[in-house]
Amino acid sequence: MSIARTLSPYMMAALTSATLRDLQRTATELGRRVRFAPHRIAYFHQVDDPYSHLAAQTLEPLCERYDIELEPHLAAAPDDDAAPDRARLEAFARKDAGDIAPAYGLSFPAGASAPDPALSRAVAATLAAAPASAFARRAVHLGTALWAGDGQRIAALGERYGRVSDEEAAATERAGSARRRDAGHYLGATFAYGGEWYWGPDRLHYLEARLRQLGAVRPTAPAEPIVPTPATQSGGRRQGDATVVVEAFLSLRSPYSHLATARVLALPRRHAIELRLRPVLPMVMRGLQVPLAKRLYIVRDAKREADRLGLAFGHISDPVGEPVERAYALYPWARDHGRGGELLHSFTTAAFAEGIDTGTDDGLRHVVERAGLSWSEAQAHRADSAWRDELEDNRRAMLDMGLWGVPSFRVSGGDRAPFATWGQDRLWLVEREITARSAA
C-alpha cells in the first residue's frame, strides 16, 4: 500500500470535516467583525449561462431577506478543462434549466436555443455598465430578453441603462473570471462567501442557512428558503408488470454516484419500474481531465449534500485505475447473482465513506462479502474482461442521450418520449417522471 493511499483518507476526512469548516467560519466571522465589514457576497454571472439566469432571479430576494452587500461580477464561460464536453454541457444546461425552473419558482423558457453571440455581447456590455445596486434587476431583464432572442428589447435596455464598448465588457469578464479563479472556482452562477462556494439556485439554501446562523436575516424575511428543495413523488408501489424503465449511469469513482446509488437502488421499492444499472468508466479514465479547483469543490459539495441526506462521506481512498477495473471485472458475475447494485454500492461506500483501499485484496474482499457475495467464487472472475465492451456500450448510450457525466438517468416507457437528466440532485425529477408515466 502506497504512502499516498495511506494518508489520503485522513487528509480527505480533515478537508471535509465539520470541525475544520466551523473553525474556518469562526475565523472568517471574527475577521469580518474586526474590520467592521458587511456580510459581503460575491456573485459571478455568465450572461449566456442558463443557470446564471436562474441565479439572477434570486439576487433581489436575497438582498431583501438578508443584511448583505452583494458584489456582482461578470465572468466568462469555464475553461475547457472544467467543461470537457462543452457542446453537450451547454445543451443540457438549457434543457435542465427549463426542467427545474417551475419547481424552483423561477423562469426559463422550455426548449431554449443557444443565444446569439452578438446578443450575448450586447447584454454583457450593458451589465458591465451597471452599478452593483442595479445589477440584479438589470441581469434579470436582460437575461429574459436574451433567452427569448429579443434583440430589440436588449438594444432598448442598452439605450435606457447605458453600456460600455464590447472591448470594455470583455475586459470586465476577464477580470471577473480571474477573480473567480483566484478565489477557487470555475463556473458561472456561483456565490462566494467567507471561503465557501454555492453554485446556482440548487445550493442557495446552504448560503441562506449560513446567513441565518450568523444572524444576518432581516426581521421581515420569511422562514422558507428562496428556492425550495423539490419533494420526491411516489405514487405508491403498484402490483403487476412494470411498464416504466429507469436506466442509471453510474461510476465507481464519482462522489455524486455514491450519493445516488442507495437512492437509485430504492426506486423499485417506491415505484413499479424496471431498473437497469449501466456503469461507466470514470471521466479521468476516459481521458477527460478534472482540474484541481473542480475536484476540491466537488468533494466539499458532496460532503454537505451527504450530510443533508444522512449519508456517510468524506473518508476517501481514491479508487482510480486498477481498483475500479478490478471491481468492474466482478460486476457481470455479481449481477448474474442478483447483487450487481449491492456490489457497486459496497464499493463506493468503501472508497468514499470508509477510506478503504479497494486496490488491495483485503479491500476488495470487504466490498464483495458486504455485497452478499462469495469471495472464493469471485476469484474465478477477477480476470474477466467482457465488462469493457459493456461499459463502452453504456458510455455511448449516455453520449447519445446528450450527456457525458454521472450519475445520469433515462426514464422511458408509455406514450411519452424518453426523458434524460444528470445529477444526484435531479432524482426528484426522475421520480416525478416515473409518477407521470405510471399515472398515464
List for me each residue that meets salt bridge (Lys or Arg N to Asp or Glu O under 4.0 Å) alongside Arg370, sequence neighbours excluded, and say none if there are none. Glu354
Using the test salt bridge (Lys or Arg N to Asp or Glu O under 4.0 Å), find all partners of Glu208 that sit at least two apart in sequence or belong to another chain.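 With sequence neighbours excluded, Glu208 shows a salt bridge (Lys or Arg N to Asp or Glu O under 4.0 Å) to Arg65, given in chain and number order.
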For residues 170-177, run the donor-acceptor check on the side chains, cut-off 3.5 Å, and write out each pair with its distance to 0.1 Å, sequence neighbours left out.
residue, atom, partner, partner atom, Å
Thr172, OG1, Glu168, O, 2.9
Ser177, OG, Ala76, N, 2.8
Ser177, OG, Glu173, O, 2.9

Please list all pairs meeting side chain to side chain donor-acceptor pair (under 3.5 Å) that have one or both residues in residues 69-80, counting only residues at least two apart or in different chains. Arg40-Glu69, Glu71-His73, Glu71-Arg179, His73-Arg179, Asp80-Arg86
My understanding is that only residues two or more places apart in sequence, or in another chain, count here; which of them pass ring-ring contact (aromatic ring centres under 6.0 Å, His included) with Phe92?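 In terms of ring-ring contact (aromatic ring centres under 6.0 Å, His included), with neighbours along the sequence ignored, Phe92 is linked to Trp422.
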ring-ring contact (aromatic ring centres under 6.0 Å, His included) partners of Phe191, counting only residues at least two apart: Tyr43
So, using side chain to side chain donor-acceptor pair (under 3.5 Å) as the criterion, who are the partners of [X] when residues are at least two apart?
X      : answer
Arg33  : Glu29
Thr348 : His258
Tyr256 : Asp301
Asp99  : Lys95

Can you confirm whether or not the ring centre of Phe44 sits under 6.0 Å from the ring centre of Trp197? yes
is_close_aromatic(Tyr51, Trp199), centroid dist under 6.0 Å: yes
Go through the steps for His315 and Tyr10 under the test ring-ring contact (aromatic ring centres under 6.0 Å, His included), then give the verdict. CA-CA 7 Å; His315 207 56; Tyr10 300 99; 5.3 Å; yes
Kindly state each residue pair satisfying ring pair (Phe, Tyr, Trp, His ring centres under 6.0 Å) with at least one member in residues 17-36, sequence neighbours excluded. none
So which atom in Pro279 and which in Leu391 form the shortest heavy-atom distance, rounded to 0.1 Å?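 Of all heavy-atom pairs spanning Pro279 and Leu391, the closest is O-CG, 3.2 Å.
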Is the closest side-chain heavy-atom distance between Arg426 and Val430 below 4.5 Å?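 In short, these two side chains do not touch, never coming nearer than 4.5 Å.
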For residues 135-148, which side-chain N or O atoms pair as donor and acceptor with protein atoms under 3.5 Å away, sequence neighbours left out?
residue, atom, partner, partner atom, Å
Arg137, NE, Glu60, OE2, 3.1
Arg137, NH2, Glu60, OE2, 3.0
His141, ND1, Tyr161, OH, 3.2
Thr144, OG1, Val140, O, 2.8

